[in-house]
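Structure first, commentary second.
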Amino acid sequence: MKYTTRKSAILLLSDGTIFHGKSIGITGKTFGEVCFNTGMTGYQEIFTDPSYFGQLMVATNAHIGNYGVNDKEVESNSIKIAGLVCKNFSFNYSRTDSSGSLEDYFAKQNLICISDVDTRALVSYIRENGAMNAVICTDDTSVEELKALLAEVPDMKGLELASKVSTLEPYFYGNENASYKIAALDLGIKENILRNLAKRDCYIKVFPYNASYSELASFNPDGFFLSNGPGDPDPLDSAIQVAKEILQNNKPLFGICLGHQVIALANGVSTYKMFNGHRGINHPVKNIITGRGEITSQNHGFAVNKEELDQHPDLEITHLHLNDGTVAGMRMKNKNCFSVQYHPEASPGPHDSSYLFDQFIENIKSV
């Protein structure tokens, strides 16, 4: 394998801190909120997850690209991260069922990446100083110009991003002769959520993020689903109103991640931006109802206010994150509704929480 020279690149954080590295060959600059994921596998699923829209992903695994890409291992139809920061980028890959290299995959979608970064130092810095906006630059733009451009990038708090990743038109997924019909509000839905529902004999109609309750109800569904997605849940007035109307009509409702936060807001419980958020496939959660622990996949930078939830007469906490005690799940005492902050559809895993999809089906059956 011949040696190739690669251009220098930088990651500039909004507080002025600079991390140096190398470009993988795609020239330009890209902006977003820098965050890190602790998963040791599943990088393609991470890159295509709509919940990561507008974020610069720091991969904590030492090698990225070593098993190439596979066309079936995607959570949406394109890369959704704004850029990648990694330690070792593997231009060569080895895997029997790979459909190509990560380098080519990035080149086709013009995804800017900086490698050879001291990611351990970077993650430690983010953990100490919190998530913040940043820019990856591989085109020799001056630091002073980058600082000026970075200052114009809006903060994630207050930012509505579901509209950037949601479907423009309704579409169907699964077998039209399935036993159950589900109306899903697409706030940035992951493909594996649809797979899990279809696998449980569901026919799903997926609606745009701003669809009304009457539009969803016109499908005459047996249950409603509010999906994951990027950005701050607070600006999602339309989705919050849809959740309110679903609850007013006492229809079976299941929410994941952003959908979970929307259900909280529909009940008057606030959300807040976390210092760092939870992103990885090894997060410990306790099911308060059963007393059992679960290892979970998580990806969120906002959370539901636990104090307000504790005091709400119609809501109860069902799951807690064991690392920091944040709300990981809740249900309504007087409605057919529950939600979780994490991802039971986890792809590539773990699958400890897949029972939640079965619980949703049981809730539908009980009507």
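Source: prediction; values computed, not measured.
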Query - Stepwise side-chain contact (heavy atoms from CB on, under 4.5 Å) test for His343 and Asn299 - result: CA-CA 8 Å; His343 288 271; Asn299 170 20; 4.2 Å; yes
Report yes if the distance between the aromatic ring centroids of [X] and [Y] is under 6.0 Å, otherwise no.
X	Y	answer
Tyr272	Phe302	no
Phe225	Phe254	yes
Phe106	Phe47	yes

Does the side chain of [X] reach to within under 4.5 Å of the side chain of [Y], using non-hydrogen atoms?
X	Y	result
Lys199	Leu197	no
Pro50	Lys190	yes
Leu194	Ile189	yes
Tyr173	Glu191	yes
Phe224	Leu216	yes
Lys244	Ile240	yes
Ile182	Ile364	yes
Leu322	Val285	no

* Asked: Between Glu308 and Ser270, does a side chain to side chain donor-acceptor pair (under 3.5 Å) hold up when you go through it step by step?
  -> CA-CA 7 Å; Glu308 293 179 19; Ser270 68; 2.8 Å; yes
More than 12 heavy atoms of other residues, nucleotides or ligands under 6.0 Å from [atom1] of [X]: is that the case?
X	atom1	answer
Lys273	NZ	yes
Lys251	NZ	no
Lys181	NZ	yes
Lys7	NZ	yes

Would [X] end up clustered with [Y] when hydrophobic side chains under 4.5 Å apart are linked, directly or stepwise?
X	Y	value
Ile112	Val58	yes
Val269	Leu226	yes
Val117	Val34	yes
Tyr209	Ile193	no
Leu185	Phe338	no

### Task
Establish, yes or no, whether the cationic atom of Lys205 lies under 6.0 Å from the six-membered ring centre of Tyr171 and within 45° of the ring axis.
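No, Lys205 and Tyr171 do not form such a contact.
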Inset, instruction - Using the side-chain contact (heavy atoms from CB on, under 4.5 Å) rule, take Ser297 and His283 through it: C-alpha gap first, then chi angles, then the decisive distance, then the call. - result: CA-CA 6 Å; Ser297 173; His283 286 254; over 6 Å; no
Salt bridge present between [X] and [Y] (N-O < 4.0 angstrom):
X	Y	value
Lys29	Asp139	yes
Arg120	Asp118	no
Arg292	Asp352	no
Asp310	Lys306	yes
Lys157	Glu33	no

Between Glu45 and Lys72, is the salt bridge (charged side-chain N to carboxylate O under 4.0 Å, His left out) condition met? List the steps. CA-CA 10 Å; Glu45 291 90 337; Lys72 296 179 181 179; over 6 Å; no
Going by distance alone, is a donor N or O of one side chain under 3.5 Å from an acceptor N or O of the other, for [X] and [Y]?
X	Y	result
Tyr52	Asn37	yes
Glu160	Ser163	yes
Glu144	Ser142	no
Gln261	Gln341	yes
Glu294	Tyr355	yes
Asp201	Ser179	yes
Ser101	Asp104	yes
Ser339	His260	yes

Please output the side-chain donor-acceptor pairs of residues 323-332 that fall under 3.5 Å, not counting sequence neighbours, one pair per line with the distance.
{"residue": "Asp324", "atom": "OD1", "partner": "Thr326", "partner atom": "N", "Å": "3.1"}
{"residue": "Asp324", "atom": "OD1", "partner": "Thr326", "partner atom": "OG1", "Å": "2.8"}
{"residue": "Asp324", "atom": "OD2", "partner": "His278", "partner atom": "NE2", "Å": "2.7"}
{"residue": "Arg331", "atom": "NE", "partner": "Glu316", "partner atom": "OE2", "Å": "2.6"}
{"residue": "Arg331", "atom": "NH2", "partner": "Glu316", "partner atom": "OE2", "Å": "3.0"}

Using the rule given for side-chain contact (heavy atoms from CB on, under 4.5 Å), can you reason through Leu265 versus Thr271, listing the C-alpha separation, both sets of side-chain angles and the distance that settles it, and then say yes or no? CA-CA 7 Å; Leu265 290 166; Thr271 59; 4.1 Å; yes
Could you pull out all residues at least two apart from Ser354 that satisfy side-chain hydrogen bond (donor to acceptor under 3.5 Å, both in side chains)?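 Expected list: none.
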The test is side chain to side chain donor-acceptor pair (under 3.5 Å); show your working for Gln241 and Glu245 and say whether it passes. CA-CA 6 Å; Gln241 180 59 34; Glu245 294 186 49; 3.1 Å; yes
Exercise for review: Under the side chain to side chain donor-acceptor pair (under 3.5 Å) rule, what do Ser51 and Asn228 come out as? Steps first, then yes or no, please.
Suggested key: CA-CA 7 Å; Ser51 293; Asn228 62 291; 2.8 Å; yes
- Taking all non-hydrogen atoms of both residues into account, name the closest pair between Leu102 and Ile64 and its distance.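 In terms of heavy atoms, the two residues are closest at CD2-CG2, 3.5 Å.
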Checklist entry - For the residue pair Ala346 and Pro350, what are the closest heavy atoms and their distance? => result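 That closest heavy-atom pairing would be CB-O, 3.1 Å.
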Cut-off 3.5 Å, no hydrogens considered: what does the side-chain donor-acceptor table look like for residues 121-132, sequence neighbours left out?
{"residue": "Tyr125", "atom": "OH", "partner": "Asp15", "partner atom": "OD2", "Å": "2.5"}
{"residue": "Tyr125", "atom": "OH", "partner": "Thr17", "partner atom": "OG1", "Å": "2.8"}
{"residue": "Asn129", "atom": "ND2", "partner": "Tyr125", "partner atom": "O", "Å": "2.9"}

Worksheet item: What do the steps show when you test Glu345 against Arg195 for side-chain contact (heavy atoms from CB on, under 4.5 Å), and what is the final call?
Response: CA-CA 9 Å; Glu345 82 290 345; Arg195 294 189 197 108; over 6 Å; no
Determine yes or no for a side-chain-to-main-chain donor-acceptor pair under 3.5 angstrom, with Tyr67 supplying the side chain and Thr41 the backbone.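 No; judged by distance alone, with no hydrogens or angles, the pair does not exist.
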Apply the test salt bridge (charged side-chain N to carboxylate O under 4.0 Å, His left out) to residues Asp358 and Arg200: give CA-CA distance (whole Å), side-chain angles for both, the deciding distance (0.1 Å), then the verdict.
CA-CA 8 Å; Asp358 299 322; Arg200 288 165 174 82; 2.7 Å; yes
Could you go through Asp116 and Arg6, starting from their C-alpha distance and side-chain angles, then the distance that decides it, and tell me whether this counts as salt bridge (charged side-chain N to carboxylate O under 4.0 Å, His left out)? CA-CA 11 Å; Asp116 296 78; Arg6 292 193 287 133; 2.6 Å; yes
Pair Thr38-Asn282, side chain to side chain donor-acceptor pair (under 3.5 Å): steps then yes or no: CA-CA 8 Å; Thr38 57; Asn282 58 349; 3.2 Å; yes
